[in-house]
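Some notes on the structure that comes next.
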Amino acid sequence: MSTPNKVSFLTPIKNWLLRNHIWVFFLVVFGAFSLASPYFLTVNNLSNVLTQSAFIGILAIGMTLVMINGEIDLSVGAVLALASALAIGLQDSIGVWPAVFCGLLSGVALGALNGTIIALSGIHSFIVTLGALIGVRGLVFIYTGEDALMVSDFSYTEYPEIYLGPLSITAMIFLGLAFLFQWILTSTRHGREAYSVGDNIEAAHDAGINVKRNKIINFTICGGLAAVAGILLSMRLGTAEPNAGKIWELWTIIAVVLGGVRLTGGYGTLWMTIGGVLTLAVMRNGLRLLSTPNYVELMVMGAVLIMALLLDHFLSGISRKKTS
Amino acid sequence: MTQNTTLLELQGITKTFPGVKALDNVSLDVKQGEVLALVGENGAGKSTLMKVLAGLYTAEQGSIKYLGKEMQVHSPLDARLKGILLIHQELSLSPELSVAENIYLGAWPTNRFGVLQKRKLRKQTQQALEALGCDFAPDDRVGQLSIARQQMVEIARAQAFNANIVIFDEPTASLTDNEKAQLFETIEDLRSRGKGIIYISHKMDEIFEITDRITILRDGQVQGTKITADTSVDEITRAMIGRDLDTYFHRAKENFGEDVLAVDGLSADGLFSDVSFSVKSGEVLGLYGLVGAGRSEVVETIFGIRKAQSGKITWKGREISPPTPAEAIELGIALVPESRKEQGLVLGMGGRENITLPHLHFFSTLSVMSKEKELETYEQFQQALDIKTTGPEQPVAKLSGGNQQKFVLAKWLCSSPNLIILDEPTRGIDVGSKSSIHELIANLAEQGLAVIVISSEMPEVLGVSHRVLAMANGRIVGSFSGQNQTEENLISAVSKT
Amino acid sequence: QDAPDWLGGELKKPLAETRIGITVLYPGSNAYQAKYAETAESYTKELGIQAIVLDPQGDPATQFDQIQDMSSQPIDALVVWPTSQNALIPAIRQASRNGIPVITSNSPIGEAGRRYIAGHTGPDDCAQAEQSAEMLAESLGGKGDIVVVEGTPGYTVSILRKNCFLDKMADSYPDINILASQTAEWNREKAQTVMETFLTQFGDEIDGVYAFDDGMGLGVISALQGAGKAPGEVKVVTCNQFGEGWDAMKEGWHSGSNKQSPVDDAILAIQTAIKIANGIEVPPLQGIETPKVTPENVDEFERPSW
Amino acid sequence: MFKQDMTALLRRHGLLFAFGIFLAGVALTTDTFLTVGNFLDVIRQVSITGMIAIGVTFVVITGRFDLSVGSMLTFLTVIVVDQHNVSGPFMAIIYVMIGGIVIGAINGLLIGFIGLNALIVTLAMLSFLQGLTLFYSGGANVNVQNAQNTWFAFFGRADLFGIPVPALIFILTAIVASFVLTRTTFGRQIFAVGGNETASKFSGIDTRKTIFFAYILSGLTTALAAIIMGSRVMGAQNTIGQGYELTVLAGIILGGTSLLGGSGGIWRTILGITMLGFIQNGLLLLGYPYYVQWLVTWVVIILAVWIDLGAKRGKVFA
Ligand SMILES: Nc1ncnc2c1ncn2[C@@H]1O[C@H](COP(=O)(O)OP(=O)(O)OP(=O)(O)O)[C@@H](O)[C@H]1O
Ligand SMILES: Nc1ncnc2c1ncn2[C@@H]1O[C@H](COP(=O)(O)OP(=O)(O)OP(=O)(O)O)[C@@H](O)[C@H]1O
Ligand SMILES: O[C@@H]1[C@@H](O)[C@@H](O)OC[C@@H]1O
Ligand SMILES: [Mg+2]
Ligand SMILES: [Mg+2]
């Protein structure tokens with residue numbers, strides 16, 4: 001056997017940094033805003049940030065699963081809008097919880113549809129879900145007739161105002177789902193299959209793993225989670241906007257990639273994703289507290305994204321070749 | 001152990017791909033405790049046959065009998081669970097998963113709810129690794145292991161699944177001699193425990209070293225099965241290619257000119273250091289070493305793919321700064337890289353476009369391409385190298401490995417270079433094509449080119465070169481020519497360090 | 001510090017210590033909104049109050065976050081130009097429960113939220129739409145076929161400018177026939193595309209156009225010019241005149257609009273917020289003037305700077 | 001025998017057939033659809049998306065994305081319109097061309113030379129340019145002040161030989177681009193890089209430079225599109241190009257250019273973009289609200305790509 005791999009005492013630190021650089025980034029951003037704004041480091045504000053991050057956060061959980069598979073889902077924003085429209089629009093005819101259930105079902109069904117088309121046709125998920133991003137938005141507009149739908153009973157909007165200390169129910173659902181799916185990823189057959197499919201799809205197939213089923217399940221979960229986010233949003237706003245969640249898929253992808261999950265598949269954890277989601281949420285909140293004009297916010301977001309990529313690039317020292 | 005019980009019997013297997021009858025009524029059998037060699041030219045159908053056996057393909061006709069009973073193989077996992085394990089030509093692992101997860105890929109121990117039993121998985125893996133004497137742990141990430149260790153992970157699957165039939169498809173292509181020896185020990189061990197082994201290789205020395213019988217395939221048909229001890233390399237080769245091979249190696253007539261290339265003290269961090277040598281026109285310089293010795297890196301540096309930290313490169317007496325590939329090509333350097341699929345060809349393009357890729361300016365005026373000129377060159381090389389293809393536009397992805405390799409050669413020959421570097425030019429190539437490549441090397445040198453040949457096959461590098469450099473651990477550890485150019489000297493040189 | 005004249009009461013604390021949060025619709029989307037945001041910035045600076053001016057980029061969920069973030073700081077009043085009729089009600093409810101007075105500006109929020117706000121300021125969009133109906137009908141002589149270019153659907157201003165226009169037409173001008181109605185989302189380029197399609201579809205049948213604002217009206221005029229129409233051949237009437245619309249009216253392309261000043265709109269909102277911050281009573285609804293502008297009286301108005 | 005030929009033909013050109021059926025269907029139900037006027041209208045309307053798509057096709061063939069073109073279109077249109085008033089039409093056009101090239105170069109630098117992920121870099125650029133536009137305009141709309149008498153109107157509003165100038169520019173650009181892509185060494189390099197980047201490097205192609213120039217082309221055609229847009233509208237909002245990146249991609253995909261790189265072509269892109277244009281136009285003429293076209297686009301894209309893939313694999317449904 002050839003010589004064992006060289007190990008220096010720096011290696012574990014470097015490895016940890018490689019996998020968790022987002023948390024270093026998070027701490028820097030967090031520290032900077034704590035110094036810059038007197039209102040940032042307050043329980044009230046941090047509690048708000050966590051709640052605000054939950055929507056992109058829940059979308060990001062599903063996106064992470066799909067990306068570990070080596071795929072992408074661009075339709076999450078539109079699916080969120082449809083679920084939110086159904087959850088509100090159906091309340092008058094079938095009641096609150098059945099309506100919520102229908103909203104959830106719509107996400108699950110669209111996710112399953114995406115996954116099935118991708119698995120059966122072999123068309124790249126970027127294309128299939130780009131189509132869905134456009135088409136599902138069309139469905140939303142047809143269903144809502146272009147208008148925002150409003151709950152008739154505003155007590156619906158009181159649900160998300162349940163708090164456990166500083167934690168809102170929305171934030172708890174986000175964190176709970178993140179822990180649940182992290183456990184599924186590391187400790188169940190489905191989770192390990194997901195990595196193996198994204199990592200080396202031929203090997204997975206040859207090992208008898210049902211690659212198609214694994215992808216369909218992950219897309220279904222992703223759609224379902226998008227619906228969960230949509231329902232929570234409908235409770236928050238009491239209204240379903242036909243344009244809700246527009247370009248949120250981009251924010252979601254940004255958060256996930258910021259966390260270090262690879263678009264090429266096989267690599268990433270929800271721990272990284274949470275890091276990305278929170279960093280993004282803290283940045284947006286902090287910039288608002290500082291009353292930054294929106295153009296600065298947009299420019300800073302762009303710059304930070306590039307910086308995160310550069311950091312990842314130079315830390316790992318390998319040039320990521322093409323993806324997608 | 002009884003040597004005579006038939007373990008596996010394939011009968012009348014037929015498999016067609018669109019336009020190709022890959023397997024035509026193939027029958028063979030494997031006995032307990034024997035190693036059966038499967039040989040044949042590139043594209044003869046060896047891999048296809050094994051994929052049928054391993055459940056990756058379904059045959060249109062034929063049957064598989066296992067210990068006398070008819071058996072259906074539904075899927076790769078099904079095959080694995082039934083005790084048939086295929087170790088692929090290209091490794092089939094997930095680099096991000098652990099050793100344990102890879103060995104049991106898709107068959108992890110779980111409870112009723114699909115939750116992994118991690119402790120059980122680790123323990124089972126530990127046992128399998130110990131039985132094979134592996135020096136890595138169940139939790140190591142596979143991507144961090146060397147190629148040879150990764151192959152051991154695949155072999156450990158045989159142990160873990162208690163496979164009765166283990167198929168090796170060209171397993172030694174990227175192994176060092178030491179690793180190869182270890183692999184042979186493992187095979188010996190499997191044999192002594194009554195397993196049946198099918199061994200596919202293009203390397204005759206290996207086949208005669210470890211196999212008991214040899215089944216020969218040609219154009220999807222069985223040409224016969226021979227007892228290894230009763231046959232000869234010549235007989236097998238004849239059966240494989242349907243004619244006699246005249247001489248196995250051609251060495252160019254010695255007619256050296258000036259130094260074409262000289263490198264002096266070339267070093268690159270962690271890859272190689274202080275490499276110095278020179279090559280004359282008309283000379284074939286061999287570069288021998290074990291995998292990982294750094295030979296590819298050295299020639300890639302000369303070609304401008306990598307950057308050296310220090311050292312000097314002299315081209316026809318003039319010192320040049322480490323060039324880019326484009327400049328190297330401009331000077332007249334050609335590099336036939338070691339991996340034709342990754343480095344050599346754009347698989348989606350046809351032969352015409354692949355051949356002209358490095359010299360687009362030859363085939364264009366004011367940047368506008370001339371398809372006529374391209375076709376002319378294509379025709380010329382397609383005929384000269386006897387490349388089997390349906391036309392200039394057929395994507396090279398659809399060709400057999402040997403024909404692909406010929407396109408890579410054509411691509412570099414068409415610009416008439418002064419120096420051609422061939423990195424493992426015959427890897428995965430059948431003996432027939434091999435000898436024509438050897439002949440080509442000799443011809444090139446006789447036409448006055450300087451040639452550098454990298455090969456991990458000792459007979460090849462000794463047979464075609466005028467002079468052989470031995471490399472180990474990134475350094476040149478010996479230079480041999482004439483009387484000294486022997487196997488013993490090369491081995492002792494590379495194993496000293 | 002002396003209280004400004006318009007305050008109509010005592011300052012409880014100096015203006016420099018007064019903090020007001022403002023979240024506007026989307027300065028990126030049209031001239032009116034941009035001028036409003038600009039005025040909000042400059043006027044608060046002029047007054048010397050501490051102001052946070054935020055842009056939700058048209059997304060109610062983002063505006064929700066903004067209201068939440070501002071309510072978690074010590075703040076004296078919030079001005080909200082709602083991006084959606086109802087989606088901000090829970091956020092405003094939360095703010096008002098935290099004891100922060102909220103006023104809505106330009107565009108009212110839905111019924112269910114009215115009890116959480118301290119007041120509303122802005123134009124009367126219904127009256128504008130009725131004015132437009134009158135101007136269009138008059139310019140057509142009470143008879144003809146028209147097409148309608150709508151604002152962003154679901155948005156209060158769009159709803160009012162649609163329904164009140166349609167009601168007025170149905171009640172008073174039965175001989176005017178509406179051929180088609182499409183949205184262009186307050187967007188000039190989209191309006192041009194919509195109008196081009198209308199022209200292909202109905203050709204010379206179209207006698208008049210109603211666009212919900214002047215930005216879209218200008219897109220319509222571009223399309224008419226592109227189709228080789230002469231000025232006034234097709235009557236164009238809009239709500240809320242912009243600077244270029246004023247020019248177009250003088251050139252004869254434009255038959256009616258109304259003056260609605262984003263400067264007045266923003267200043268009224270900010271003054272009202274400061275009044276409330278100082279505990280001064282304000283009426284629940286305060287309007288800004290929106291007189292008709294027609295080719296006859298256009299010279300009486302200054303060219304809008306937005 | 002005949003049946004076999006037909007199915008083979010259908011497979012290969014299934015998309016065109018389906019499109020033909022759609023056109024015929026609309027033509028039968030409305031009488032305005034099949035008129036020269038409407039046809040020219042559609043070509044004019046797609047000329048902006050089409051111009052951008054031409055540049056982006058180069059990028060896509062190298063196996064990469066450009067999602068920044070929508071924001072870039074907004075930014076450059078705002079610049080061209082505003083600078084028209086400040087520096088005159090000629091300089092405005094020069095500035096915008098330089099702008100497009102510089103933005104393309106930054107994308108190309110980060111993606112080609114440093115090797116960062118194209119999806120994310122161009123997303124970041126999308127966000128950055130949105131900010132830059134708002135910064136430049138202060139959120140306000142910009143308008144050409146003397147819209148009625150500037151030669152700048154030529155690009156978006158004029159007709160030449162009875163054909164709208166934007167359509168002419170579009171077709172001309174397509175011809176040049178197609179020539180560059182299929183007949184020149186640069187075009188060959190683009191295909192090689194998308195087909196196999198490593199092998200291209202080993203063939204002496206400067207892959208980084210090739211990618212870099214592909215992004216510059218994408219910036220350049222977007223700049224041309226911005227000139228047409230500015231001239232057509234004679235004004236610009238800060239949202240004017242929103243969503244164009246997706247329409248452009250949808251058109252490219254519909255045309256059958258693979259997102260994996262290494263294959264595709266300009267005429268395919270034009271076909272895809274024009275189809276989208278006719279679908280939109282046809283549905284509007286049939287009186288459907290604009291968003292129904294989104295639903296149709298979804299179905300059409302999936303079916304088109306599915307049939308196309310099936311045809312390549314020799315069967316329609318996998
Ligand atoms: N998936 C496939 N689709 C179409 N043709 C195939 C496929 N796989 C193999 N073939 C064809 O079948 C024939 C047998 O190929 P196979 O890979 O079995 O050869 P081999 O004997 O293993 O060759 P080598 O020594 O080069 O590995 C070849 O002509 C090959 O082109
Ligand atoms: N023991 C090893 N551990 C890790 N990586 C290895 C090892 N051996 C080889 N490799 C990898 O395989 C590649 C091939 O090795 P290299 O090119 O240096 O060897 P070489 O002398 O050219 O041998 P050959 O070309 O015959 O494989 C190296 O770049 C290295 O990344
Ligand atoms: O006229 C409208 C204005 O009042 C505001 O609501 O924004 C959109 C329109 O420009
Ligand atoms: Mg093989
Ligand atoms: Mg090598």
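Below, read A as the first sequence line, B as the second, and so on, with proteins coming before strands; counting in each chain starts at 1. Side-chain atoms are counted along with the backbone in the values below, which use heavy atoms only and exclude waters and symmetry mates.
Using a 4.5 Å cut-off between heavy atoms, B:Glu342 contacts chain D through its backbone alone, with no side-chain atom that close. Of the atoms belonging to B:Ser339, not a single heavy atom falls under 4.5 Å from chain D. Proximity to chain D (any heavy atom under 4.5 Å) is shown, for B:Ser367, by both the backbone and the side chain.
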Chi angles and distances behind the side chain to side chain contact (heavy atoms under 4.5 Å, CB included) call for B:Thr390, B:Lys398: CA-CA 10 Å; B:Thr390 59; B:Lys398 300 234 166 101; over 6 Å; no

Might you work through the side-chain hydrogen bond (donor to acceptor under 3.5 Å, both in side chains) test for B:Thr16 and B:Glu60, ending with a clear yes or no? CA-CA 8 Å; B:Thr16 44; B:Glu60 284 110 49; 2.9 Å; yes

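Side-chain rings of B:Phe363 and B:Tyr378 stay apart, their centers remaining 6.0 Å or farther from each other.
Atom CG of residue D:Leu67 and atom CG of residue D:Leu123 lie 5.0 Å apart, to the nearest 0.5 angstrom. Between atom CZ of residue B:Phe272 and atom CD of residue B:Glu300 there is a gap of 9.5 Å, rounded to the nearest 0.5 Å. Note that CD1 of D:Ile98 and CD1 of D:Ile93 are 12.0 Å apart. Values are rounded to the nearest 0.5 Å.
No side-chain heavy atom of D:Asp66 sits less than 4.5 Å from a side-chain heavy atom of D:Met125. In this structure the side chain of D:Arg188 reaches within 4.5 angstrom of the side chain of B:Thr356, judged on heavy atoms. Side chains of B:Thr389 and B:Phe407 form a contact here, defined as non-hydrogen atoms less than 4.5 Å apart. B:Lys406 is listed as a side-chain neighbour of B:Asn403, based on a closest heavy-atom distance under 4.5 Å.
Salt-bridge check for B:Glu424 with B:Arg295: passed, with a basic side-chain N closer than 4.0 Å to an acidic carboxylate O.
For residues 203-223 of chain D, a heavy-atom distance under 4.5 Å to chain B picks out D:Ser203, D:Gly204, D:Ile205, given by residue number. Inspection of non-hydrogen atoms places B:Lys411, B:Trp412 of residues 408-422 of chain B under 4.5 Å from chain D. The interface of residues 171-187 of chain D with chain B, defined by heavy-atom distances below 4.5 Å, comprises D:Phe179, D:Arg183, D:Thr184, D:Thr185.
Using modelled atom types and a 3.5 Å distance limit, the side chains of D:Thr49 and D:Thr247 yield no donor-acceptor pair.
Applying the side-chain contact (heavy atoms from CB on, under 4.5 Å) criterion to B:Leu347, with sequence neighbours excluded, gives B:Lys341, B:Leu345, B:Val396, B:Ala397, B:Gln404.
Counted within 6.0 Å of CD on B:Gln394, heavy atoms from surrounding residues, nucleotides or ligands total more than 12; the atom is thus considered enclosed.
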